[in-house]
Amino acid sequence: MAGKTGKFLGIPYDWRPLTGERLKSRWWNPEDPRFFTPKALGWGFDLNLARLFGRHGKSSPPRG
């Protein structure tokens, strides 16, 4: 693990100081199609709650 962000053994890490913007982009981001996003701070994954609750971004087709 050389830098403050990257992957180790295929698992992402981010050791930069936490910001509200990054926290929101990892925990609530309807534009991101992933359920599991890299952790906002630390090693591992966070859950994108917008995807879990069925929120979709502008690029997603409407459900019908």
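The shown structure was predicted, so the numbers you read here are calculated from the model rather than taken from an experiment.
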Residues in side chain to side chain contact (heavy atoms under 4.5 Å, CB included) contact with [X], at least two apart in sequence or another chain:
| X | value |
| --- | --- |
| Leu9 | none |
| Arg34 | Asp32, Thr37, Pro38 |
| Leu23 | Leu18, Trp27, Ala40 |

For the [atom1] atom of [X] and the [atom2] atom of [Y], what is their distance to the nearest 0.5 Å?
| X | Y | atom1 | atom2 | result |
| --- | --- | --- | --- | --- |
| Asn29 | Arg51 | CG | CZ | 9.5 Å |
| Lys7 | Tyr13 | NZ | OH | 11.5 Å |
| Asp14 | Arg22 | CG | CZ | 4.5 Å |
| Leu47 | Arg26 | CG | CZ | 13.5 Å |

### Message
Minimum heavy-atom separation for Asp46 and Lys39, please, with both atom names.
### Response
OD1-NZ, 3.2 Å
### Task
Answer yes if Phe8 and Leu41 sit in the same cluster of Ile, Leu, Val, Met, Phe, Trp and Tyr residues linked by side chain heavy atoms under 4.5 Å apart, and no otherwise.
no
### Query
By side chain to side chain donor-acceptor pair (under 3.5 Å), which residues pair with Asn48, not counting sequence neighbours?
none
